[in-house]
Asker: 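Before I ask anything, let me first share the structure, which is written out below as C-alpha coordinates.
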There are 2 protein chains.
Amino acid sequence: MRRTKPGKSARSQPLIAAPVKVSGNAPIDYGVLRTHLGYFLRRLQVEIFKDFIKTLAKFHVRPAQFSVLVLIGTNPGRSQAEIGKALNIERARLAKMLHELERRRWVSRCSAVNDGRSHSLYLTPSGTEKLDRIKALAASHERRLTARLGKERWQKLIDLVRDFG
Amino acid sequence: MRRTKPGKSARSQPLIAAPVKVSGNAPIDYGVLRTHLGYFLRRLQVEIFKDFIKTLAKFHVRPAQFSVLVLIGTNPGRSQAEIGKALNIERARLAKMLHELERRRWVSRCSAVNDGRSHSLYLTPSGTEKLDRIKALAASHERRLTARLGKERWQKLIDLVRDFG
DNA sequence: TATTGTTATACTCTATAACTATA
DNA sequence: TATAGTTATAGAGTATAACAATA
(Lines give C-alpha, C1' and ligand atoms only; values in the text may rest on other atoms or scores of the structure.)
Protein backbone atom coordinates (compact mmCIF):
# COMPACT_ATOMS: atom_id res chain seq x y z
CA MET A 1 0.00 0.00 0.00
CA ARG A 2 1.85 3.00 -1.26
CA ARG A 3 0.60 6.10 0.44
CA THR A 4 3.19 8.59 -0.66
CA LYS A 5 2.62 9.51 -4.24
CA PRO A 6 4.69 12.33 -5.74
CA GLY A 7 2.90 15.63 -5.79
CA LYS A 8 0.86 15.01 -2.69
CA SER A 9 1.22 16.98 0.52
CA ALA A 10 3.38 19.59 -1.17
CA ARG A 11 2.63 21.86 1.75
CA SER A 12 5.28 20.21 3.87
CA GLN A 13 7.90 20.37 1.15
CA PRO A 14 10.73 22.79 1.74
CA LEU A 15 10.28 26.00 -0.21
CA ILE A 16 13.76 25.79 -1.60
CA ALA A 17 14.69 22.37 -2.80
CA ALA A 18 18.04 21.31 -1.51
CA PRO A 19 20.40 21.51 -4.50
CA VAL A 20 22.26 18.24 -4.78
CA LYS A 21 22.06 16.82 -1.31
CA VAL A 22 22.70 13.21 -2.15
CA SER A 23 22.00 10.63 0.49
CA GLY A 24 24.86 10.04 2.85
CA ASN A 25 26.84 13.07 1.85
CA ALA A 26 25.99 15.77 4.35
CA PRO A 27 26.34 14.60 7.94
CA ILE A 28 23.26 14.47 10.13
CA ASP A 29 22.83 17.39 12.52
CA TYR A 30 21.79 16.08 15.94
CA GLY A 31 20.41 19.47 17.00
CA VAL A 32 19.25 19.79 20.59
CA LEU A 33 19.92 16.09 21.10
CA ARG A 34 23.52 17.13 21.69
CA THR A 35 22.42 18.89 24.88
CA HIS A 36 20.80 15.78 26.37
CA LEU A 37 23.06 13.69 28.57
CA GLY A 38 20.52 10.88 28.76
CA TYR A 39 20.65 10.32 25.03
CA PHE A 40 24.40 9.78 24.94
CA LEU A 41 24.41 7.72 28.11
CA ARG A 42 21.87 5.41 26.52
CA ARG A 43 23.78 5.14 23.25
CA LEU A 44 26.95 4.22 25.10
CA GLN A 45 25.19 1.82 27.46
CA VAL A 46 23.48 -0.02 24.59
CA GLU A 47 26.78 -0.23 22.74
CA ILE A 48 28.51 -1.67 25.81
CA PHE A 49 25.70 -4.14 26.48
CA LYS A 50 25.92 -5.41 22.92
CA ASP A 51 29.37 -6.83 23.62
CA PHE A 52 28.41 -7.90 27.12
CA ILE A 53 25.38 -9.87 25.90
CA LYS A 54 27.40 -11.48 23.14
CA THR A 55 30.12 -12.39 25.62
CA LEU A 56 27.73 -14.12 28.02
CA ALA A 57 25.59 -15.70 25.30
CA LYS A 58 27.33 -19.07 25.48
CA PHE A 59 26.00 -19.46 29.02
CA HIS A 60 22.59 -18.07 28.04
CA VAL A 61 22.95 -15.39 30.68
CA ARG A 62 21.45 -11.93 30.27
CA PRO A 63 22.83 -8.82 32.02
CA ALA A 64 20.04 -8.74 34.58
CA GLN A 65 20.56 -12.43 35.34
CA PHE A 66 24.28 -11.84 35.77
CA SER A 67 23.68 -9.07 38.30
CA VAL A 68 21.29 -11.30 40.26
CA LEU A 69 23.72 -14.21 40.30
CA VAL A 70 26.56 -11.95 41.45
CA LEU A 71 24.51 -10.51 44.30
CA ILE A 72 23.27 -13.90 45.46
CA GLY A 73 26.80 -15.24 45.36
CA THR A 74 28.19 -12.32 47.33
CA ASN A 75 25.23 -12.10 49.70
CA PRO A 76 24.00 -15.66 50.30
CA GLY A 77 20.77 -16.08 52.23
CA ARG A 78 19.22 -12.76 51.31
CA SER A 79 15.57 -12.53 50.29
CA GLN A 80 14.14 -11.77 46.87
CA ALA A 81 12.92 -8.43 48.19
CA GLU A 82 16.43 -7.45 49.27
CA ILE A 83 18.11 -8.54 46.05
CA GLY A 84 15.42 -6.93 43.94
CA LYS A 85 15.58 -3.65 45.79
CA ALA A 86 19.37 -3.49 45.55
CA LEU A 87 19.26 -4.05 41.78
CA ASN A 88 16.09 -2.08 41.11
CA ILE A 89 14.39 -5.14 39.65
CA GLU A 90 10.63 -5.50 40.09
CA ARG A 91 9.71 -8.38 42.36
CA ALA A 92 7.43 -9.80 39.68
CA ARG A 93 10.24 -9.87 37.17
CA LEU A 94 12.72 -11.23 39.73
CA ALA A 95 10.35 -14.06 40.65
CA LYS A 96 10.13 -15.14 37.02
CA MET A 97 13.89 -14.84 36.59
CA LEU A 98 14.57 -16.94 39.69
CA HIS A 99 12.26 -19.66 38.44
CA GLU A 100 14.48 -19.96 35.39
CA LEU A 101 17.70 -19.94 37.46
CA GLU A 102 16.18 -22.54 39.79
CA ARG A 103 15.19 -24.65 36.80
CA ARG A 104 18.86 -24.63 35.75
CA ARG A 105 19.82 -25.66 39.28
CA TRP A 106 22.03 -22.60 39.67
CA VAL A 107 19.99 -21.08 42.49
CA SER A 108 18.12 -22.62 45.39
CA ARG A 109 15.44 -21.04 47.51
CA CYS A 110 14.61 -21.92 51.10
CA SER A 111 11.89 -20.57 53.33
CA ALA A 112 13.39 -18.04 55.70
CA VAL A 113 13.46 -19.20 59.28
CA ASN A 114 12.26 -15.95 60.78
CA ASP A 115 9.66 -15.03 58.16
CA GLY A 116 7.45 -17.55 56.41
CA ARG A 117 6.87 -15.17 53.53
CA SER A 118 10.52 -14.71 52.57
CA HIS A 119 12.73 -16.96 50.50
CA SER A 120 16.43 -17.11 51.28
CA LEU A 121 18.48 -17.28 48.09
CA TYR A 122 21.65 -19.31 47.59
CA LEU A 123 23.84 -20.43 44.73
CA THR A 124 24.08 -24.18 44.31
CA PRO A 125 27.57 -25.67 43.95
CA SER A 126 26.86 -25.95 40.24
CA GLY A 127 25.70 -22.33 40.16
CA THR A 128 28.84 -21.19 41.95
CA GLU A 129 31.00 -23.03 39.48
CA LYS A 130 29.09 -21.61 36.51
CA LEU A 131 29.21 -18.08 37.93
CA ASP A 132 32.97 -18.26 38.32
CA ARG A 133 33.34 -19.01 34.64
CA ILE A 134 30.76 -16.35 33.73
CA LYS A 135 32.63 -13.80 35.84
CA ALA A 136 35.80 -14.59 33.91
CA LEU A 137 33.97 -13.88 30.66
CA ALA A 138 32.52 -10.68 32.11
CA ALA A 139 36.01 -9.61 33.09
CA SER A 140 37.23 -10.17 29.55
CA HIS A 141 34.39 -7.98 28.33
CA GLU A 142 35.42 -5.27 30.75
CA ARG A 143 39.03 -5.45 29.59
CA ARG A 144 37.90 -5.01 25.98
CA LEU A 145 35.77 -2.05 27.03
CA THR A 146 38.63 -0.46 28.96
CA ALA A 147 40.90 -0.87 25.96
CA ARG A 148 38.27 0.63 23.68
CA LEU A 149 37.54 3.67 25.82
CA GLY A 150 41.08 4.10 27.04
CA LYS A 151 42.05 3.37 30.60
CA GLU A 152 41.88 6.98 31.71
CA ARG A 153 38.47 7.62 30.16
CA TRP A 154 37.09 4.38 31.57
CA GLN A 155 38.30 5.31 35.05
CA LYS A 156 36.90 8.83 34.87
CA LEU A 157 33.54 7.50 33.72
CA ILE A 158 33.17 4.80 36.34
CA ASP A 159 34.20 7.23 39.06
CA LEU A 160 31.51 9.64 37.89
CA VAL A 161 28.68 7.12 37.65
CA ARG A 162 29.54 4.75 40.50
CA ASP A 163 29.75 6.97 43.52
CA PHE A 164 27.04 9.54 43.40
CA GLY A 165 26.37 9.51 47.13
CA MET B 1 44.30 18.10 45.83
CA ARG B 2 40.88 19.60 45.88
CA ARG B 3 39.06 19.95 49.10
CA THR B 4 35.33 20.17 49.47
CA LYS B 5 34.15 23.53 48.38
CA PRO B 6 31.96 25.28 50.91
CA GLY B 7 29.81 26.85 48.21
CA LYS B 8 26.04 26.86 48.24
CA SER B 9 25.99 24.48 45.31
CA ALA B 10 23.86 21.71 46.72
CA ARG B 11 25.62 18.38 46.84
CA SER B 12 24.00 16.27 44.19
CA GLN B 13 21.74 13.53 45.37
CA PRO B 14 22.77 9.95 44.92
CA LEU B 15 21.17 8.69 41.74
CA ILE B 16 22.06 5.11 42.38
CA ALA B 17 21.08 3.72 45.70
CA ALA B 18 24.20 3.07 47.66
CA PRO B 19 24.36 -0.36 49.28
CA VAL B 20 20.94 -0.64 50.78
CA LYS B 21 20.53 -1.39 54.43
CA VAL B 22 17.43 -3.51 54.76
CA SER B 23 15.66 -4.22 57.99
CA GLY B 24 18.73 -3.88 60.16
CA ASN B 25 20.69 -6.42 58.14
CA ALA B 26 24.10 -5.85 56.68
CA PRO B 27 24.21 -3.76 53.50
CA ILE B 28 24.24 -5.57 50.17
CA ASP B 29 27.69 -6.17 48.73
CA TYR B 30 27.71 -5.53 44.98
CA GLY B 31 30.83 -7.62 44.49
CA VAL B 32 32.34 -7.63 41.02
CA LEU B 33 29.40 -5.58 39.78
CA ARG B 34 31.33 -2.59 41.05
CA THR B 35 33.96 -3.19 38.38
CA HIS B 36 31.47 -3.09 35.52
CA LEU B 37 30.98 0.32 33.95
CA GLY B 38 28.02 -0.86 31.89
CA TYR B 39 26.02 -1.72 34.98
CA PHE B 40 26.30 1.76 36.47
CA LEU B 41 25.79 3.47 33.13
CA ARG B 42 22.54 1.56 32.73
CA ARG B 43 21.35 2.34 36.27
CA LEU B 44 22.01 6.04 35.71
CA GLN B 45 20.47 6.06 32.24
CA VAL B 46 17.29 4.34 33.42
CA GLU B 47 17.04 6.78 36.32
CA ILE B 48 17.40 9.75 33.96
CA PHE B 49 14.90 8.35 31.47
CA LYS B 50 12.35 7.94 34.23
CA ASP B 51 12.11 11.71 34.60
CA PHE B 52 12.40 12.27 30.86
CA ILE B 53 9.53 9.90 30.07
CA LYS B 54 7.38 11.47 32.77
CA THR B 55 8.18 14.92 31.47
CA LEU B 56 7.14 14.12 27.90
CA ALA B 57 4.16 11.97 28.86
CA LYS B 58 1.63 14.74 28.38
CA PHE B 59 2.47 14.75 24.66
CA HIS B 60 2.57 10.94 24.56
CA VAL B 61 6.11 11.09 23.26
CA ARG B 62 8.68 8.44 24.07
CA PRO B 63 12.45 9.09 24.11
CA ALA B 64 13.00 7.35 20.78
CA GLN B 65 10.17 9.32 19.18
CA PHE B 66 11.66 12.53 20.52
CA SER B 67 15.03 11.78 18.96
CA VAL B 68 13.39 11.01 15.60
CA LEU B 69 11.35 14.21 15.65
CA VAL B 70 14.41 16.29 16.51
CA LEU B 71 16.46 14.79 13.69
CA ILE B 72 13.70 15.20 11.11
CA GLY B 73 13.22 18.80 12.22
CA THR B 74 16.91 19.58 12.00
CA ASN B 75 17.48 17.54 8.84
CA PRO B 76 14.34 17.86 6.70
CA GLY B 77 14.13 15.69 3.62
CA ARG B 78 16.34 12.87 4.83
CA SER B 79 15.30 9.25 4.31
CA GLN B 80 14.25 6.71 6.89
CA ALA B 81 17.50 4.85 6.33
CA GLU B 82 19.55 7.95 7.12
CA ILE B 83 17.57 8.89 10.22
CA GLY B 84 17.53 5.33 11.44
CA LYS B 85 21.24 4.89 10.95
CA ALA B 86 22.06 8.14 12.74
CA LEU B 87 19.97 7.12 15.75
CA ASN B 88 20.79 3.42 15.65
CA ILE B 89 17.12 2.51 15.26
CA GLU B 90 16.23 -0.58 13.24
CA ARG B 91 14.42 0.29 10.01
CA ALA B 92 11.57 -2.06 10.94
CA ARG B 93 11.05 -0.26 14.22
CA LEU B 94 11.43 3.18 12.62
CA ALA B 95 8.81 2.33 10.00
CA LYS B 96 6.30 1.46 12.70
CA MET B 97 7.17 4.58 14.68
CA LEU B 98 6.75 6.82 11.62
CA HIS B 99 3.33 5.34 10.94
CA GLU B 100 2.25 6.56 14.36
CA LEU B 101 3.82 10.00 13.88
CA GLU B 102 2.19 10.24 10.45
CA ARG B 103 -1.14 9.27 11.97
CA ARG B 104 -0.77 12.20 14.36
CA ARG B 105 -0.01 14.46 11.38
CA TRP B 106 3.32 15.45 12.90
CA VAL B 107 5.44 13.92 10.14
CA SER B 108 4.90 13.63 6.40
CA ARG B 109 6.63 11.31 3.97
CA CYS B 110 7.18 11.89 0.28
CA SER B 111 8.77 9.67 -2.31
CA ALA B 112 12.33 10.84 -2.87
CA VAL B 113 12.89 12.35 -6.28
CA ASN B 114 16.21 10.63 -6.91
CA ASP B 115 15.35 7.23 -5.47
CA GLY B 116 11.96 5.59 -5.76
CA ARG B 117 12.65 3.39 -2.79
CA SER B 118 13.35 6.18 -0.31
CA HIS B 119 10.92 8.34 1.61
CA SER B 120 11.87 11.94 2.37
CA LEU B 121 10.82 12.89 5.89
CA TYR B 122 9.47 16.27 6.96
CA LEU B 123 7.75 17.77 9.96
CA THR B 124 4.32 19.18 9.26
CA PRO B 125 3.59 22.72 10.52
CA SER B 126 1.62 21.09 13.32
CA GLY B 127 4.54 18.77 14.06
CA THR B 128 6.95 21.68 14.13
CA GLU B 129 4.76 23.54 16.58
CA LYS B 130 4.36 20.48 18.79
CA LEU B 131 8.09 19.74 18.72
CA ASP B 132 8.89 23.27 19.86
CA ARG B 133 6.76 22.77 22.94
CA ILE B 134 8.18 19.30 23.50
CA LYS B 135 11.72 20.67 23.24
CA ALA B 136 10.88 23.20 25.95
CA LEU B 137 9.78 20.37 28.22
CA ALA B 138 12.90 18.39 27.37
CA ALA B 139 15.01 21.41 28.27
CA SER B 140 13.27 21.63 31.64
CA HIS B 141 14.12 17.98 32.22
CA GLU B 142 17.75 18.65 31.38
CA ARG B 143 17.85 21.60 33.79
CA ARG B 144 16.52 19.37 36.55
CA LEU B 145 19.12 16.76 35.71
CA THR B 146 21.92 19.32 35.69
CA ALA B 147 20.81 20.62 39.07
CA ARG B 148 20.62 17.08 40.40
CA LEU B 149 24.06 16.04 39.21
CA GLY B 150 25.68 19.37 39.73
CA LYS B 151 26.71 21.52 36.82
CA GLU B 152 30.34 20.44 36.90
CA ARG B 153 29.59 16.72 37.03
CA TRP B 154 26.97 17.02 34.30
CA GLN B 155 29.49 18.76 32.06
CA LYS B 156 32.22 16.21 32.75
CA LEU B 157 29.86 13.36 31.99
CA ILE B 158 28.47 14.71 28.74
CA ASP B 159 31.98 15.54 27.56
CA LEU B 160 32.99 11.94 28.20
CA VAL B 161 30.03 10.20 26.59
CA ARG B 162 29.35 12.55 23.65
CA ASP B 163 31.00 11.27 20.48
CA PHE B 164 32.21 8.04 21.99
CA GLY B 165 32.13 6.30 18.61
C1' DT C 1 22.38 -8.47 -6.43
C1' DA C 2 21.84 -4.89 -3.07
C1' DT C 3 18.95 -1.46 -0.86
C1' DT C 4 14.51 0.75 1.04
C1' DG C 5 10.62 0.21 3.33
C1' DT C 6 7.09 -2.97 5.20
C1' DT C 7 5.11 -6.75 7.89
C1' DA C 8 5.66 -10.33 11.08
C1' DT C 9 7.47 -13.00 15.07
C1' DA C 10 10.10 -13.65 19.36
C1' DC C 11 12.37 -12.14 23.36
C1' DT C 12 13.82 -8.79 27.14
C1' DC C 13 12.62 -5.33 30.21
C1' DT C 14 9.38 -2.23 32.56
C1' DA C 15 5.02 -1.17 34.77
C1' DT C 16 0.82 -2.54 36.57
C1' DA C 17 -2.89 -5.14 38.91
C1' DA C 18 -4.78 -8.93 41.38
C1' DC C 19 -4.13 -12.80 44.12
C1' DT C 20 -2.14 -15.98 48.27
C1' DA C 21 -0.04 -16.50 52.47
C1' DT C 22 2.04 -14.73 56.00
C1' DA C 23 3.27 -10.89 59.44
C1' DT D 1 -3.11 -3.50 57.27
C1' DA D 2 1.21 -4.29 55.39
C1' DT D 3 4.67 -7.23 53.27
C1' DA D 4 6.72 -11.31 50.24
C1' DG D 5 6.09 -13.76 46.56
C1' DT D 6 3.31 -15.25 42.44
C1' DT D 7 0.72 -14.82 38.16
C1' DA D 8 -1.01 -12.17 34.48
C1' DT D 9 -1.29 -8.44 31.11
C1' DA D 10 0.31 -4.50 28.34
C1' DG D 11 3.69 -1.71 26.16
C1' DA D 12 8.44 -0.34 24.54
C1' DG D 13 12.68 -1.69 22.61
C1' DT D 14 15.68 -5.04 20.19
C1' DA D 15 16.75 -8.66 16.83
C1' DT D 16 15.42 -11.37 13.27
C1' DA D 17 13.38 -13.03 8.77
C1' DA D 18 10.73 -12.66 4.68
C1' DC D 19 8.77 -9.90 1.16
C1' DA D 20 7.84 -6.22 -2.77
C1' DA D 21 9.51 -2.43 -5.22
C1' DT D 22 13.40 -0.23 -6.85
C1' DA D 23 18.36 0.56 -7.72
Side-chain angles (χ1 to χ4, degrees), chain A residues 1-6 22-24 38-39 42-43 45-54 56-57 60-68 78-103 107 109-121, chain B residues 22-23 25 38-39 42-43 45-54 56-57 60-68 78-85 87-102 107 109-121:
Chain A
M1 61 175 77
R2 309 281 309 168
R3 57 160 64 80
T4 55
K5 289 298 180 184
V22 181
S23 298
Y39 171 73
R42 172 149 182 83
R43 284 296 296 266
Q45 176 261 305
V46 168
E47 188 72 14
I48 292 174
F49 267 41
K50 215 170 280 183
D51 179 77
F52 190 65
I53 290 168
K54 199 165 59 183
L56 268 52
H60 302 97
V61 169
R62 301 279 310 176
Q65 291 173 316
F66 174 73
S67 66
V68 167
R78 295 307 189 97
S79 69
Q80 298 182 198
E82 290 173 295
I83 297 297
K85 186 179 180 186
L87 292 173
N88 214 26
I89 298 176
E90 284 295 322
R91 56 186 180 160
R93 166 128 189 79
L94 184 57
K96 205 179 162 197
M97 197 188 303
L98 287 171
H99 289 159
E100 170 59 21
L101 296 176
E102 204 173 24
R103 190 192 64 77
V107 165
R109 292 186 283 185
C110 317
S111 292
V113 288
N114 54 332
D115 191 332
R117 300 169 300 180
S118 290
H119 291 172
S120 298
L121 303 175
Chain B
V22 190
S23 61
N25 279 347
Y39 170 74
R42 170 147 183 86
R43 286 293 298 264
Q45 176 261 307
V46 167
E47 189 71 14
I48 291 175
F49 267 40
K50 217 170 278 185
D51 179 77
F52 190 65
I53 291 168
K54 199 165 58 181
L56 269 51
H60 302 98
V61 169
R62 302 280 308 177
Q65 292 173 315
F66 175 73
S67 66
V68 167
R78 295 306 189 98
S79 69
Q80 296 182 198
E82 290 173 294
I83 297 297
K85 186 180 179 186
L87 292 173
N88 214 24
I89 298 175
E90 283 296 321
R91 56 188 180 159
R93 165 128 190 81
L94 185 58
K96 203 179 162 196
M97 197 189 302
L98 288 171
H99 288 158
E100 170 59 20
L101 296 176
E102 204 174 24
V107 165
R109 292 188 283 184
C110 315
S111 291
V113 288
N114 54 334
D115 190 332
R117 300 169 299 181
S118 291
H119 291 172
S120 298
L121 303 175

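Throughout, protein chains are lettered first and strands after them, A, B, ... in sequence-line order, and every chain is numbered starting at 1. Every value quoted in this text rests on a predicted model; they were computed, and no experiment measured them.
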Asker: Taking side-chain contact (heavy atoms from CB on, under 4.5 Å) as the test, write out the residues that go with Glu47(A), two or more places apart.
Answerer: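 Listed in chain order: Lys50(A), Arg148(A), Phe164(B).
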
Asker: Check side-chain contact (heavy atoms from CB on, under 4.5 Å) between Ala112(B) and all other residues, then give those that pass, not counting sequence neighbours.
Answerer: Asn114(B), Ser118(B), Ser120(B)

Asker: Which whole-number value in Å describes the distance from Lys96(B) NZ to dA8(C) C1'?
Answerer: 10 Å

Asker: In whole angstrom, what separates Glu102(A)'s CD from dT6(D)'s C1'?
Answerer: 13 Å

Asker: For Arg93(B), what residues pass the side-chain contact (heavy atoms from CB on, under 4.5 Å) criterion, not counting sequence neighbours?
Answerer: Ile89(B), Glu90(B), Met97(B)

Asker: Should His99(B) be listed as having a side-chain N or O under 4.0 Å from OP1 or OP2 of dT6(C)?
Answerer: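 Answer yes for this pair, as a side-chain N or O of His99(B) is under 4.0 Å from OP1 or OP2.
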
Asker: Between P on dT4(C) and CZ on Arg78(B), what's the gap in Å once rounded to a whole number?
Answerer: 13 Å

Asker: Just to verify, what does Phe66(B) make a ring pair (Phe, Tyr, Trp, His ring centres under 6.0 Å) with, not counting sequence neighbours?
Answerer: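 Scan of Phe66(B) (ring pair (Phe, Tyr, Trp, His ring centres under 6.0 Å), adjacent residues dropped) gives His36(A), Phe52(B).
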
Asker: Holding to side chain to side chain donor-acceptor pair (under 3.5 Å), I want the full list of residues that pass it with Asp115(A), two or more places apart in sequence or in another chain.
Answerer: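 Asp115(A) satisfies side chain to side chain donor-acceptor pair (under 3.5 Å) with Arg117(A) only.
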
Asker: May I have the distance from Ile53(B) (atom CD1) to dC13(C) (atom C1'), rounded to whole angstrom?
Answerer: 12 Å

Asker: When rounded to the nearest 0.5 angstrom, what is the spacing between CD in Glu82(A) and NZ in Lys85(A)?
Answerer: 9.5 Å

Asker: For Phe52(B) and dT14(C), what is the distance between atoms CZ and C1' respectively, to the nearest whole Å?
Answerer: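 So the CZ-C1' distance, Phe52(B) to dT14(C), works out to 18 Å.
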
Asker: All N/O contacts under 3.5 Å from nucleotides 13-17 of chain D to the protein, with atom names and distances to one decimal?
Answerer:
from: dG13(D); atom 1: OP2; to: Arg93(B); atom 2: NH2; distance (Å): 2.2
from: dG13(D); atom 1: O3'; to: Arg42(A); atom 2: NH2; distance (Å): 3.1
from: dT14(D); atom 1: OP1; to: Arg42(A); atom 2: NH2; distance (Å): 3.1

Asker: With nearest nucleotides of DNA chain D determined for Asp115(B) and Leu94(A) from heavy-atom distances, which residue corresponds to the more 5′ nucleotide?
Answerer: Leu94(A)

